Peer 1: 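What follows is a structure written as structure tokens; I'll ask about it next.
All of these numbers come straight from a predicted model, not from anything done at the bench.
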Amino acid sequence: MFQRELKEAFVSNLNGTSLEEVALGSFLAPLCLINRGLVWILYHQGKGTLPLPFPWISHLLLDFSMIILPLVLSCTILSDILHQVIIGLAFVSMGVLFYIHRTSSHTTVVNPQNSIKNFLQSHVQCNQVPFLTIFRVLVNVKTSISILAVDFIVFPRRYAKTETYGTGVMDFGVGAYVFANALVCPEARRKNITGSKMNHLKKQILSVWPLVVLGMGRLVSVKMTGYHEHVTEYGVHWNFFFTLAIVRIVASLLLAIFPVSQSWIFALLIGGLYQFTLETSGLKSFMIHNNDRTKDFLHANKEGIFSVVGYIAIYMAGVQIGLFIMQPRTQVREWLKAMGKLFLASCILYAALYTCRATVEPVSRRLANLPFCIWTIAQSMFFMSWLGLADIILLLFKRKSGCHFVPSSWNMYKKDIDSLSAKKTSKMERFCLIQAVNRNQLLFFMFANLMTGLTNMLVDTFSSSDFFSVFVLLSYMFTNCCLIYVLHIFAITVKFW
């Protein structure tokens, strides 16, 4: 019992970090993705002479070391020098990019201005939006790392979820997870609805049953094992799976009634009215100061129940952003303009956020208040805009080098693709860890939750050294990645709802 209370105290009464530090972390993943792509370009320039005796193992190790490893280190032993790590990676990227530019056999002696102009007017394959997929995968991966890392001393307390007010990295992760789901919902993808809207709504409601089952499973397992829980996060019985299910149901109902293209209006109305209610009624005081958890279900789970309103606002905004991102575009210039608009919108929202913090109240994940909604949306768009820019940079140098086989990345449009190139591209995607996680996102998150509980039962997280903590985290993530990777290799998608 003492160990449980100690762990609960370890993740309680925290105040988070600055908005600037959270935004700074957005530059790490794009740089890692660029460097990962550059490794493949260098491999291509070397005519494939690097030893790849077991392609699937080589691909897995490369993706894990270039994507997962930096994310784990950045929130543990390298967290205090994150800005130096990012600057270092940026210099490495620029050095390799310069080397590829100088040594590329596809570089022709033309006016650089014309070369850039031709590139901007060129077309990309428009059957996917790689940076959108990568954003969703990275949110899932970073969340999976954090839910275990937070129990180790090596994980900075400022990155953990805040008690009431503040901006922790994990606070953003919760909102970003909801936002990421909204980006690819059927409404955002303009998926044709067969039959009546009522039948479509019934289908969407039935589709959340795995979340309800997972929520019930987590509730039962936590209560039966005496696993530590931070009650002020969601309540006594509530958890994040229930929040995801309710948000999906309510948002589907709203989107079945009102025009999908006006989702941003409802996001603003819901967030604004909820904040007005917090300010003008006793709801805020009830959620923060009322400690009576025994009266009824509402009192026991007040944070989880009422914060759903804020997450619905985030979801509706995510649907609008998803609609914008998945508009038909083929030219590089068009995608650059889209990323510029995402970046500009994030800057405007950040300005609104600073105004809200100064005139209304600070960010609160516990309340899921309007500042929290604005921050989640602004930071998500900021992150996506840099992921998109990284992919455009990679595309430029893929074009220069003649390498077209970097997985989870844009490729130049080709009218006639030969069967050999198509086969090689398909093989690269088959061995890609990003695609593996994307294929079974919910299953990956479920694996992470199960492994987190198992690891906490087997490892004394408080007495672990920094080195051992990082070793455990890397082993945990490698196990999760291997499980999901094997399913992807055999083209198994666990989606039976």
Side-chain angles (χ1 to χ4, degrees), residues 19 23 129 131-132 135-136 139 172 174-191 193 197 200-201 204 243-244 246-278 307-329 334-335 337-357 359-360 363-365 367-388:
L19 294 173
V129 185
F131 73 87
L132 179 59
F135 170 78
R136 298 183 66 247
V139 167
F172 168 67
V174 174
Y177 199 95
V178 173
F179 185 85
N181 285 341
L183 290 172
V184 295
C185 71
E187 294 83 2
R189 287 184 282 123
R190 297 180 175 85
K191 189 175 181 181
I193 299 174
K197 285 190 174 182
H200 173 71
L201 181 59
Q204 294 305 306
T243 295
L244 291 175
I246 298 299
V247 167
R248 178 69 179 275
I249 291 172
V250 176
S252 296
L253 176 62
L254 291 173
L255 294 169
I257 298 173
F258 302 106
V260 179
S261 60
Q262 305 301 318
S263 299
W264 69 274
I265 295 177
F266 294 97
L268 184 60
L269 286 174
I270 293 168
L273 289 174
Y274 177 54
Q275 186 63 47
F276 180 77
T277 304
L278 288 173
S307 65
V308 163
V309 180
Y311 290 115
I312 292 171
I314 293 172
Y315 191 96
M316 296 297 283
V319 172
Q320 188 73 60
I321 302 301
L323 280 171
F324 170 74
I325 291 174
M326 286 185 272
Q327 287 178 5
R329 299 181 185 89
E334 293 172 338
W335 280 110
K337 285 182 179 179
M339 291 164 205
K341 289 178 180 178
L342 283 177
F343 180 76
L344 179 60
S346 72
C347 291
I348 293 172
L349 286 176
Y350 262 115
L353 173 60
Y354 281 105
T355 303
C356 278
R357 290 206 310 171
T359 59
V360 184
V363 173
S364 174
R365 175 204 46 80
L367 301 174
N369 60 0
L370 181 61
F372 173 73
C373 297
I374 294 174
W375 175 51
T376 297
I377 299 164
Q379 177 59 29
S380 295
M381 289 196 292
F382 181 81
F383 188 26
M384 279 195 293
S385 64
W386 285 104
L387 288 173

Peer 1: Testing the basics here: between R189 and V184, what is the closest heavy-atom pair and its distance to 0.1 Å?
Peer 2: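 Residues R189 and V184, closest heavy atoms: NE-O, 2.6 Å.
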Peer 1: Looking at CD1 of I374 and OG1 of T355, how far apart are the two atoms once the value is rounded to the nearest 0.5 Å?
Peer 2: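 Going from CD1 on I374 over to OG1 on T355, the span is 8.5 Å.
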Peer 1: Could you state the interatomic distance from CE (M384) to CG (L132), rounded to the nearest 0.5 Å?
Peer 2: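 Answer for the CE-CG pair, M384 versus L132, is 7.0 Å.
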Peer 1: Please report the shortest heavy-atom distance between A267 and A313, naming the atom on each side.
Peer 2: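 Looking at all heavy atoms of both residues, the shortest contact is CB-O, 3.3 Å.
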Peer 1: So how far is it from F172 CZ to S380 OG, rounded to the nearest 0.5 Å?
Peer 2: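 Going from CZ on F172 over to OG on S380, the span is 4.0 Å.
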Peer 1: Quick one: CG on L278 to CG on L273, what's the gap to the nearest 0.5 Å?
Peer 2: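 The CG atom of L278 sits 11.0 Å away from the CG atom of L273.
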Peer 1: Can you give me the closest heavy-atom contact between S307 and A368, atom names plus distance?
Peer 2: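 For S307 versus A368, the nearest heavy atoms are O-CB, 3.4 Å.
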Peer 1: To the nearest 0.5 Å, how far apart are CD in Q320 and CD1 in I377?
Peer 2: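 It is 11.0 Å, given to the nearest 0.5 Å.
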Peer 1: If you apply the rule side-chain contact (heavy atoms from CB on, under 4.5 Å), what do you find for L183 with F135, and how did you get there?
Peer 2: CA-CA 10 Å; L183 290 172; F135 170 78; 3.7 Å; yes
Peer 1: Under the ring-ring contact (aromatic ring centres under 6.0 Å, His included) rule, collect the residues that match up with Y315, sequence neighbours excluded.
Peer 2: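 Partners of Y315 by the ring-ring contact (aromatic ring centres under 6.0 Å, His included) criterion come out as none, since no residue qualifies.
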Peer 1: Identify each donor-acceptor pair in which a side-chain atom of residues 337-348 lies under 3.5 Å from a protein atom, sequence neighbours left out, and give them as a table.
Peer 2:
{"unit_1": "S346", "atom_1": "OG", "unit_2": "F343", "atom_2": "O", "d": "2.6"}

Peer 1: Show your working on side-chain contact (heavy atoms from CB on, under 4.5 Å) between Q327 and R190 and close with a plain yes or no.
Peer 2: CA-CA 10 Å; Q327 287 178 5; R190 297 180 175 85; 3.8 Å; yes
Peer 1: Taking all heavy atoms of T376 and all of G175, pick out the closest pair and write down the distance.
Peer 2: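 Distance-wise, the nearest heavy atoms are CG2-C, 3.3 Å.
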Peer 1: Of all the heavy-atom pairs spanning F372 and S364, show the shortest one and how long it is.
Peer 2: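 Shortest heavy-atom separation between F372 and S364 comes out as CB-O, 3.5 Å.
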Peer 1: State, with a plain yes or no, whether a side-chain heavy atom of I312 is found less than 4.5 Å away from one of L254.
Peer 2: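 Sidechains of L254 and I312: in contact.
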Peer 1: Under 30°, 30 to 60°, or over 60°: which ring-plane class applies to Y354 and Y350, parallel, tilted or perpendicular?
Peer 2: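 Geometry flag for Y350 against Y354: tilted rings.
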Peer 1: Can you pull out every side-chain hydrogen bond (donor to acceptor under 3.5 Å, both in side chains) where at least one residue sits in residues 249-274? Sequence neighbours excluded, please.
Peer 2: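 Pairs touching residues 249-274 that pass the test: none.
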Peer 1: Distance from M316 atom CE to F258 atom CZ, nearest 0.5 Å?
Peer 2: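 With rounding to 0.5 Å, CE (M316) is 8.5 Å from CZ (F258).
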Peer 1: Mind running side-chain contact (heavy atoms from CB on, under 4.5 Å) on V308 and V250 for me, showing each step along the way?
Peer 2: CA-CA 10 Å; V308 163; V250 176; 5.5 Å; no
Peer 1: Do L255 and F266 have side-chain heavy atoms sitting under 4.5 Å apart?
Peer 2: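 With C-beta onward as the side chain, the pair stays apart.
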Peer 1: Of the non-hydrogen atoms in P371 and L353, which two are nearest, and what is the gap between them?
Peer 2: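 For P371 versus L353, the nearest heavy atoms are O-CD1, 3.4 Å.
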Peer 1: State which residues pass side-chain hydrogen bond (donor to acceptor under 3.5 Å, both in side chains) with N369; sequence neighbours excluded, sorted by chain then number.
Peer 2: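 If we apply the side-chain hydrogen bond (donor to acceptor under 3.5 Å, both in side chains) test to N369, skipping adjacent residues, the hits are E361.
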Peer 1: Would you say F276 has more than 12 foreign heavy atoms packed within less than 6.0 Å of its CZ?
Peer 2: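 No, not enclosed.
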Peer 1: Which residues satisfy the side-chain hydrogen bond (donor to acceptor under 3.5 Å, both in side chains) test with Y177, sequence neighbours excluded?
Peer 2: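 Listed in chain order: nothing, the list is empty.
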Peer 1: If the condition is side-chain hydrogen bond (donor to acceptor under 3.5 Å, both in side chains), which residues does R248 pass it with, not counting sequence neighbours?
Peer 2: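 Counting only residues at least two positions away or on another chain, R248 forms a side-chain hydrogen bond (donor to acceptor under 3.5 Å, both in side chains) with Q204.
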Peer 1: Would you check if the side chain of Q275 reaches a backbone N or O of L370 as a donor-acceptor pair within less than 3.5 Å?
Peer 2: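 Yes: the side chain of Q275 pairs with the backbone of L370.
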Peer 1: Could you tell me whether a side-chain N or O of R329 sits under 3.5 Å from a main-chain N or O of I325, the two making a donor and an acceptor?
Peer 2: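 The answer is yes, because a donor-acceptor pair under 3.5 Å joins these two groups.
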Peer 1: Evaluate the side-chain contact (heavy atoms from CB on, under 4.5 Å) criterion for residues W375 and L349: first the C-alpha distance (whole Å), next the side-chain angles of each, then the deciding distance (0.1 Å), finally the verdict.
Peer 2: CA-CA 7 Å; W375 175 51; L349 286 176; over 6 Å; no
